[in-house]
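Letters A, B, ... are given to chains in the order of the sequence lines, protein chains preceding strands, and every chain is numbered from 1.
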Amino acid sequence: MALACAVYRRISSRKSNAGVPKGLTIASNNAGVDGKGLGLLLENKQIRKMIASYVGENALFEAQMMSGELEVELTPQGTLAEKMRAGGAGIPAFYTATGYGTPVGEGKEVRVFNGRHYILEEAIRGDFSIAKAWKADRYGNLLFRKTARNFNPMAITAGRIAVVEVEEIVEVGQLDPDEIHLPGIYVNRLIQGTFEKAIEQRTVRSA
Amino acid sequence: MALTREQLAQRVAQEFKDGYYVNLGIGIPTLAANYIPAGMQVMLQSENGLLGMGPFPMEDEVDADLINAGKQTVTMVKGASLFSSAESFAMIRGGHVDLTVLGAFEVDCQGNIASYMIPGKLIKGMGGAMDLVAGADNIIVTMTHASKSGESKLLSQCTLPLTGKACIKRVLTDLALLDIEGGKFILRERAPGVSVAEIAKLTAGPLVVPDDVPEMVF
């Protein structure tokens, strides 16, 4: 299983995808947009199963899911984040009220705590984490930028091998230890990328 | 007259209180941010990891790394904070958000809500909606009272897969504001010029009409 967050550009921006296996299970909040990132893996039919909270505007994702070609485990966004967090933190499962009494809770253990129903959700661990951060030092200490943090820290901790693409790599000692978002202990490989940041919904106001 | 999108947003904003932390869903709920009364401090939570969301940016302020849960570019207010999705849903699940406003396909008189898929037709995915309805005490659902073909969306029992069970206590539609109590919809307010009879006709679930049902004031 691979845990992806943001976009695996090094692989996914290449059309050839030589050496990239088929039959992947991907846990990612969504599948991004058509023609980029996971969208390319979908195009190449390299994904067997997606664990995601949102299908969104990805037409190919929706089409492959509807046709049954792609197995999809729709998972509430907070539950997905916590599954990755728990996986990285060595916690095998947790109880949450999210999804109780809905299709998400079907077949899952239910327990009552203080009069409320909770379902047991299992943690996610992956073979690889593929994530994006803003800055790293050479120990892999990471900083994220604004809302581009989202699922990245949890996805990184939950993978046996965490590959992180960053905008900038600085020397050790240049990051303030008090301000590091994710310690380098979780990070196995860094890639310095070049980025053309896409905006999905450019909304602006005037004066 | 049925409420416009702007009036729905205005009525939602009347529920805001000073010091509230509020999560606004995509669509009409988001518009409510435009009607926060002057002088009132309301911090908007965006579940992708931002507390203190501001308005859309000016053209020269657009930042690809600063978006809301609907992937729209936004800004931050002074005092904003940024965090991961796990932290974001910890505050949602932990009941720290004072008010959640979101849309739905159907709501029933037991407080159940369906909002994320129509089998065989449409699968959007639940995103953060299941966490939001499970984590919040104070939720307002905004939707049209009936479908375009006139089918009520306020039912005795939801027909679509549920997003949450027994969690909705207040619904604002284009025709009315209703509470859900004891397995019934209680009519609290009418849209200006809309009669109780019109509302009753389009409410499939059991409806209680108190003696006095005032019109909404804008």
How about Phe16(B): does its CZ atom have over 12 heavy atoms from other parts shown lying under 6.0 Å from it? yes

Check whether any side-chain heavy atom of Arg202(A) sits under 4.5 Å from a side-chain heavy atom of Glu59(B), and report yes or no. yes

Engaged part of Thr163(B) at the chain A interface, taking heavy atoms whose separation is under 4.5 Å: backbone

Can you establish whether the number of heavy atoms outside Asp137(B) located under 6.0 Å from its atom CG is more than 12? no

Tell me whether Lys124(B) is salt-bridged to Glu62(A), with the criterion being a basic N under 4.0 Å from an acidic carboxylate O. no

Counting distance only, does the side-chain N/O of Arg205(A) pair as donor-acceptor with the main-chain N or O of Phe56(B) below 3.5 Å? yes

I need the residue from Leu50(B), Ile123(B), Asn112(B), Asn68(B) with the largest number of non-hydrogen atom pairs under 4.5 Å to chain A. Ile123(B)

Is Lys165(B) close to Thr102(A) at the side-chain level, that is, under 4.5 Å between some pair of heavy atoms? no

So, taking the atom named CG in Leu82(B) and the one named CZ in Phe144(A), what distance separates them when rounded to the nearest 0.5 Å? 12.5 Å

Among the listed options Glu61(B), Lys71(B), Met76(B), the residue most often paired with chain A at heavy-atom distances under 4.5 Å: Lys71(B)

Any sub-3.5 Å donor-acceptor pair from Thr203(A)'s side-chain atoms to Gln72(B)'s backbone N or O? no

Tell me whether Lys184(B) at atom NZ has more than 12 heavy atoms from other residues, nucleotides or ligands lying less than 6.0 Å away. no

Between chain A and each of Val62(B), Leu122(B), Thr75(B), Leu132(B), count heavy-atom pairs under 4.5 Å; write down the option with the most. Val62(B)

For chain A, which candidate among Leu162(B), Leu66(B), Thr73(B) shows the most heavy-atom pairs at distances under 4.5 Å? Thr73(B)

Surrounding OH of Tyr20(B) (heavy atoms of other residues, nucleotides or ligands, distance under 6.0 Å), is the total greater than 12? yes

Go through the atoms of Thr75(A) and report whether side chain, backbone, both or neither lie under 4.5 Å from a heavy atom of chain B. backbone

At a 4.5 Å cut-off on heavy atoms, which part of Met117(B) comes close to chain A: side chain, backbone, both, or neither? neither

Hey, does Gln201(A) have a side-chain heavy atom less than 4.5 Å from the side chain of Ile67(B)? no

Which answer fits Leu74(A), side chain, backbone, both or neither, if we ask what part of it has an atom under 4.5 Å from a heavy atom of chain B? both

How about Tyr35(B): does its OH atom have over 12 heavy atoms from other parts shown lying under 6.0 Å from it? yes

Mind checking whether Met126(B) and Gln77(A) have side chains closer than 4.5 Å, heavy atoms only? no

Within a strict 4.5 Å, meaning less than it, do heavy atoms of the Ser206(A) and Met58(B) side chains meet? no

Which of Pro76(A), Pro153(A), Gly101(A) touches chain B most, by non-hydrogen pairs under 4.5 Å: Pro76(A)

Thinking salt bridges, do Lys197(A) and Asp63(B) make one under a 4.0 Å N-O criterion? no

Taking the side chain as every heavy atom from C-beta outward, state whether Asn29(A) and Asn48(B) have any atom pair closer than 4.5 Å. no

Could Glu87(B) and Arg85(A) be called an ion pair, given the rule that one side-chain N must be under 4.0 Å from one carboxylate O? no

Mind checking whether Pro103(A) and Tyr116(B) have side chains closer than 4.5 Å, heavy atoms only? yes

What's the shortest heavy-atom distance between Arg149(A) and Ser84(B), and which atoms? CD-N, 3.8 Å

To the nearest 0.5 Å, what is the distance between CG (Asn150(A)) and CZ (Phe83(B))? 11.5 Å

Under 3.5 Å, side chain of Asp131(B) to main-chain N/O of Gly78(A), donor-acceptor pair present? yes

Non-hydrogen atoms of Thr98(A) and Ala134(B) that approach each other most closely: CA-CB, 3.7 Å

Glu6(B) atom CD, over 12 foreign heavy atoms within 6.0 Å: yes

Can you tell me how far the CZ atom of Phe151(A) sits from the OG atom of Ser88(B), to the nearest 0.5 Å? 9.5 Å

Any chance CD1 of Ile185(A) has more than 12 other-residue heavy atoms, nucleotides or ligands included, within less than 6.0 Å? no

